[in-house]
Amino acid sequence: MDFFWSAPPVARTLTAATLIESVLVYGQVLGGGRIVYLPKRIFLKFPPELWRIASGFCLTGPDLQCLFDLYNLWRYSSALELESVRFPRPGDFFIYVLFVSIVIQLTAGLYFGFVSFLPALIMALIWTYAQEKRGTKVTFFVITIPVMYLPATMLCFTLIRGGWPGVLLECTGILAAHLYDFLTRIYPTYGGGRNFISTPLFVQRFFYKHTPNVGSRGYGTAYQAPPSSVSQGRTSGFNAGSRWGSWGSGRRLG
């Protein structure tokens with residue numbers, strides 16, 4: 001339990017929810033038809049079955065595929081939440097997961113008619129991880145490959161195991177992750193546009209408040225405080241009777 005609660009919040013919540021839901025479904029405690037994504041049950045039924053919006057992302061494949069999906073979900077979500085420079089503030093990774101999940105639902109769910117989206121979400125995490133770790137290598141089963149080839153390798157593995165429908169589902173995850181990268185990094189940096197996907201301040205405050213030991217974590221990540229908190233702390237720290245209470249003129253020393 002100490003290991004679980006010390007883990008990054010979004011990764012541990014995703015993995016725990018996926019484990020519990022999959023155990024209930026494959027243990028025949030909960031029928032799979034009650035949790036998969038069915039738009040008619042969400043938008044055309046009263047009362048709407050709103051839980052299907054999230055539960056469609058928390059069902060693994062059967063048998064050994066369950067362990068494989070849980071491992072990949074935990075590995076790449078926790079790695080991105082802890083190590084990625086793309087998500088430096090509390091709540092940034094949550095907004096990323098929320099955005100790619102919406103895109104996956106619109107493409108895989110509403111357009112292609114898939115009812116379960118976990119493979120697409122995992123592929124989105126893998127694609128973002130590969131972009132983040134560009135230039136390094138990763139071990140896939142017993143072979144070592146450049147990390148940039150990891151998404152293609154996973155797609156080939158899916159093609160052998162499940163055929164083209166599985167590949168199509170996972171490609172929607174790549175599309176979602178690439179769209180996030182384009183809107184938040186490529187277009188603002190190289191196109192001179194504005195980044196429209198930012199983490200709201202209330203989300204930052206929530207994750208900053210509900211993440212234990214946020215400033216000195218054992219696993220090596222320190223979140224920055226929300227902007228309001230940082231500015232208040234800076235003002236009080238510099239103006240409390242200190243001769244450093246104002247900014248200098250900016251002249252270069254030496």
Side-chain angles (χ1 to χ4, degrees), residues 3-4 7-33 35-37 52 54-84 93 96-97 100-101 103-105 107-109 112 114-133 136-178 219:
F3 172 78
F4 175 78
V10 178
R12 73 175 181 236
T13 303
L14 277 175
T15 307
T18 302
L19 173 62
I20 293 172
E21 182 176 305
S22 299
V23 169
L24 292 177
V25 171
Y26 295 120
Q28 298 182 353
V29 178
L30 181 66
I35 54 93
V36 295
Y37 183 80
R52 294 180 184 271
S55 61
F57 289 92
C58 299
L59 182 62
T60 68
D63 302 326
L64 291 179
Q65 184 63 32
C66 178
L67 298 178
F68 189 68
D69 288 342
L70 287 171
Y71 171 77
N72 284 331
L73 179 63
W74 168 258
R75 177 183 179 183
Y76 296 108
S77 61
S78 59
L80 287 175
E81 192 170 4
L82 291 178
E83 303 169 7
S84 176
F93 183 69
Y96 162 82
V97 172
V100 299
S101 298
V103 176
I104 290 171
Q105 283 191 353
T107 54
F112 291 112
F114 288 99
V115 297
S116 182
F117 310 124
L118 182 61
L121 178 60
I122 293 175
M123 182 55 69
L125 297 172
I126 291 174
W127 191 90
T128 304
Y129 179 86
Q131 298 297 316
E132 185 73 24
K133 299 294 184 179
T136 63
K137 293 186 177 181
V138 65
T139 301
F140 181 76
F141 286 106
V142 295
I143 61 174
T144 301
I145 59 175
V147 72
M148 289 302 299
Y149 297 151
L150 182 60
T153 304
M154 295 290 292
L155 287 176
C156 293
F157 183 74
T158 300
L159 177 61
I160 296 173
R161 189 187 71 249
W164 288 108
V167 174
L168 179 61
L169 175 60
E170 293 184 355
C171 284
T172 62
I174 296 178
L175 173 65
H178 180 72
Y219 45 83

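Side chains are part of it too, since the values below use all heavy atoms of this structure and drop only hydrogens, waters and symmetry mates. In this chain, numbering begins with 1 at the start of the sequence shown.
- Using a 4.5 Å heavy-atom cutoff, the side chains of Lys133 and Glu83 are in contact.
- Counting only heavy atoms from C-beta outward, the side chains of Met123 and Leu155 approach each other to under 4.5 Å.
- Atom OG1 in Thr107 sits 7.0 Å away from atom CZ in Phe112 (nearest 0.5 Å).
- Val167 and Thr158 get closest at one heavy-atom pair: N-CG2, 3.9 Å.
- No more than 12 heavy-atom neighbours from other residues, nucleotides or ligands sit within 6.0 angstrom of OH on Tyr71.
- Taking both residues in full, the closest heavy atoms of Pro9 and Thr13 are given as O-OG1, 2.7 Å, listed atom of the first, atom of the second, then distance.
- Separating the OG atom in Ser77 from the OH atom in Tyr96 is a distance of 10.0 Å, to the nearest 0.5 Å.
- Counting heavy atoms from C-beta outward, Thr128 and Tyr76 have side chains that stay 4.5 Å or more apart.
- Proximity of Phe57 to Ile104: side-chain heavy atoms (C-beta onward) are separated by under 4.5 Å at one or more points.
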Verdict with reasoning, His178 to Gln131, per side chain to side chain contact (heavy atoms under 4.5 Å, CB included): CA-CA 10 Å; His178 180 72; Gln131 298 297 316; over 6 Å; no
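- In this structure, OH in Tyr149 is found 12.5 Å from SG in Cys156, a value given to the nearest 0.5 Å.
- Qualifying side-chain contact (heavy atoms from CB on, under 4.5 Å) partners for Ser55, counting only residues two or more places apart in sequence or in other chains: Glu21, Ile35, Trp51, Arg52.
- Using bins of under 30°, 30° to 60° and over 60° for the plane-to-plane angle, the ring pair Phe68/Phe157 lands in the tilted bin.
- Counting only heavy atoms from C-beta outward, the side chains of Val147 and Lys137 never approach each other to under 4.5 Å.
- Contact record, Ala130 with Met148: O-SD, 3.3 Å, taken as the closest heavy-atom pair.
- Interatomic distance, Ile145 CD1 to Thr139 OG1, rounded to the nearest 0.5 Å: 9.0 Å.
- Take Ser116 and apply the side-chain contact (heavy atoms from CB on, under 4.5 Å) test, not counting sequence neighbours, and it matches Leu59.
- A donor-acceptor pair under 3.5 Å is absent between the side-chain atoms of Asp69 and the main chain of Thr60, judged by distance alone.
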Please evaluate residues Met154 and Ile126 with respect to the criterion side chain to side chain contact (heavy atoms under 4.5 Å, CB included), reporting the C-alpha separation (whole Å), side-chain torsions for both, the decisive distance (0.1 Å), and the verdict. CA-CA 9 Å; Met154 295 290 292; Ile126 291 174; 3.8 Å; yes
Show your reasoning for whether side chain to side chain contact (heavy atoms under 4.5 Å, CB included) applies to Leu118 and Cys58. CA-CA 6 Å; Leu118 182 61; Cys58 299; over 6 Å; no
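- In terms of modelled atom types and a separation under 3.5 Å, the side chain of Ser22 and the main chain of Leu19 share no donor-acceptor contact.
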Residue pair Trp74, Thr15: steps toward the side chain to side chain contact (heavy atoms under 4.5 Å, CB included) verdict: CA-CA 6 Å; Trp74 168 258; Thr15 307; 3.5 Å; yes
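- Taking both residues in full, the closest heavy atoms of Gly61 and Tyr26 are given as C-OH, 3.3 Å, listed atom of the first, atom of the second, then distance.
- For Tyr37, the ring-ring contact (aromatic ring centres under 6.0 Å, His included) partners at least two apart in sequence or on another chain are Phe117.
- In this structure a side-chain-to-backbone donor-acceptor pair under 3.5 Å is present from Glu81 to Ala11.
- By the 4.5 Å heavy-atom criterion applied to side chains, Leu125 and Leu80 are counted as neighbours.
- The structure places OG of Ser78 at 9.0 Å from CG of Leu73, a figure rounded to the nearest 0.5 Å.
- To the nearest 0.5 angstrom, Cys171 atom SG is 12.5 Å from Trp127 atom CH2.
- The 12-atom threshold is exceeded at CD1 of Ile143, counting heavy atoms of other residues, nucleotides or ligands nearer than 6.0 Å.
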